[in-house]
**Student:** 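Pasting in a structure now, in C-alpha cells, and then I'll have a few things to ask.
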Protein chains: 2
Amino acid sequence: MPADPLPPLHLSAPASTVDRIVEELRRALFAGEITAGTPLREQALTDAMGVSRSTVREALGVLVAEGLAVREPHRGVHVTSLEAEAVHDVVTTRVVLESAGVRAWADAEPEARARVRAALGAFVAAARAGDDPGRVTATHLALHRAIVALTGSSRLLGLADAVYAEIRLALAKVDRMRRDAPQQIANHEELVALLESGDTAATLAALRAHLEEAAESMLLALELDPDAD
Amino acid sequence: MPADPLPPLHLSAPASTVDRIVEELRRALFAGEITAGTPLREQALTDAMGVSRSTVREALGVLVAEGLAVREPHRGVHVTSLEAEAVHDVVTTRVVLESAGVRAWADAEPEARARVRAALGAFVAAARAGDDPGRVTATHLALHRAIVALTGSSRLLGLADAVYAEIRLALAKVDRMRRDAPQQIANHEELVALLESGDTAATLAALRAHLEEAAESMLLALELDPDAD
DNA sequence: CAGTGTCGGATTGTCCGACAATCTGACACG
DNA sequence: CGTGTCAGATTGTCGGACAATCCGACACTG
C-alpha cells in the first residue's frame, strides 16, 4: 500500500512584475494616494516604478479589466470616478443581480448558502472589531458577492464583480467614515435572517431598501469629501 | 429660430488592431477552426496575422479577461473548452438580465418601449425576408438588447452586451442553420404581445422558455452534448 | 468678439529586436 | 526504473522607435 497519496498541494507562482505593479496601484488607489479621475500616464508610471512601458501598459489593462480604471482610445487611462447618476445606476444593477441570488436561495447548493452565512460572520467580526477599514469593506463586499453566487452562475458572479470593482473605492471611503457600524451589522444580519426564513418577497424588499440606503451614504461620502482627514 | 439643439449622437471609434485580433480569434473559436484546449502561441499568431507580438499579447489578455482563454504563467494561453455547462450558465445570466427588463416594462420610458416594438419589427422583417443571415442575427440580438434596455440602466445594458458578445457568433450559426424562421418570428411576437398585455408572470415564463429553447438550439449547432447539470 | 483654421507638444497605439527566466521533452546515466 | 542534465521552445520583460491621434494655444477672419 502506498503510504499517503500526498494531500493536494498548490504552489503560488512568484508574483510577476505586472502583478506587483497592479498590486501597488491598487494599494495607492484604496489608500487615497491617487484620487478618482486622476489620469494614469504610461510614461510617468514607467519612470516612477522603473519598469518598461510595455509592462505598465499590461498592468493598466488589468486595472481596466477590473473596472478600477477606464481606458479611452488615444486619451489614456484614468481612475474610475463615480458620478451621482452612476451611483443610482449601480443600485439598479445591484438590485437586479443580488435579487437573482435571493430568488435562488431555495434551490441553491447547500455550500453556497453556507458561504453566505460564513461571509456574514466574517463581516460582522470585522465590523465589530473595527480593524483595518479595508478589511471591513472587503468582507462587506464578499457578503454581497456570496448572495449573487447563490445563482450558481459564474458569469453572473463575474458581472457582479465588475460592478463591485467600480464602487469599491467609494465604498471603502464610506466604510472608513461610517460611524454606524452596529446599524450596518444589524441590517445585514436581518437580511440573512430573512433569507433563512424563506420569505422571498420580504427579503427582496429589504435588499432593495438596504442598497438604496447604501447609495445615499455613498453619495454623501463622495460629496463632503475635501481630501485627507 | 434656434435650430434643434442636436439630438444625442455617438460615434464608434474605428476598431483598434487589438480589437480586430480579438474579433478574429473569437470568430475562429466559434467556427471551430480552433478547438478547445489548443494552445495559442504568441509567435505563431504574430506570424499568422502579420502583427507584432506586443499586440498579440494584449489581445490574448483580452481573451483571457473575457474567459474565453486561460493563461498559465510561463506556459502560455490556451483555449477554454466551451462546455455545455457554459451554455447553461449563459442562459441563467440572460434570464436574469432580460427578466429585469420585463419587470421594468410598466415603469419604463415610453421611448424604451417603443424601441422594443421597433426592434421586433426589424427582426420580423429581416427574418421574413430571409436576407443576409447576419442581419437576422443582428436584429435578433437587438431585440433582446432592447428588452434589457427597458431597465434604463446603462450598466445592465453593458453587462448584457458582454454576454451577447460571447454568444454572438454561436447564435449566428444557429440562425444560419435554423429552418424554423416562422416559428422564431411567432415566438418573439408572442413575447412582445405578452409584454404589452401587462401579464408580467406569463411574460417571464415565456422568456425563460424561449431562452432555454435557444440554448438547446445552440448546443445542437455547436454539436455539444445537451446534458449537463 | 465669436467662430474657425492651423500648429506643436504630449500621449497613445503599434512595431521591432533583444535577452533572461522558465518550461518541456529527450537523452544519458546509475 | 528512477534521476540528472541539457538543448530548444516559449514566455516575461526590456528599450527604442515611429505614426496616429488628441489637446491646448495661437493666429486669422468676418
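Just so it is clear, the structure is predicted and the values come from calculations on it, not from any experiment. First the proteins, then the strands, lettered A, B, ... as listed; each starts at 1.
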**Student:** Would you mind checking if B/E23 and B/R168 are paired as a salt bridge, meaning a charged N to carboxylate O distance below 4.0 Å?
**Tutor:**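 A salt bridge links B/R168 with B/E23.
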
**Student:** Between B/E66 and B/E166, is there a side-chain heavy-atom distance shorter than 4.5 Å?
**Tutor:**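 Not touching, per the 4.5 Å side-chain cut-off.
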
**Student:** Treat primed atoms plus P, OP1 and OP2 as sugar-phosphate and everything else as base, then score nucleotides 11-18 of chain C 5' to 3': B for base contact with protein heavy atoms under 4.0 Å, S for sugar-phosphate contact only, - for none.
**Tutor:** SBBBBB-B

**Student:** Expressed in angstrom and rounded to an integer, what is the separation of B/D47 atom CG from D/dA9 atom C1'?
**Tutor:**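 From B/D47 CG to D/dA9 C1': 14 Å.
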
**Student:** Indicate whether any N or O donor in one side chain lies under 3.5 Å from an N or O acceptor in the other, for B/T17 and B/R20.
**Tutor:**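 Indeed, the side chains of B/T17 and B/R20 share at least one donor-acceptor pair under 3.5 Å.
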
**Student:** If the plane angle is over 60° it's perpendicular, under 30° parallel, otherwise tilted; pick one for A/H188 and A/H144.
**Tutor:**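 Ring orientation of A/H188 relative to A/H144: perpendicular.
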
**Student:** Under the ring pair (Phe, Tyr, Trp, His ring centres under 6.0 Å) test, which residues partner A/H78, sequence neighbours left out?
**Tutor:**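 If we apply the ring pair (Phe, Tyr, Trp, His ring centres under 6.0 Å) test to A/H78, skipping adjacent residues, there are no hits.
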
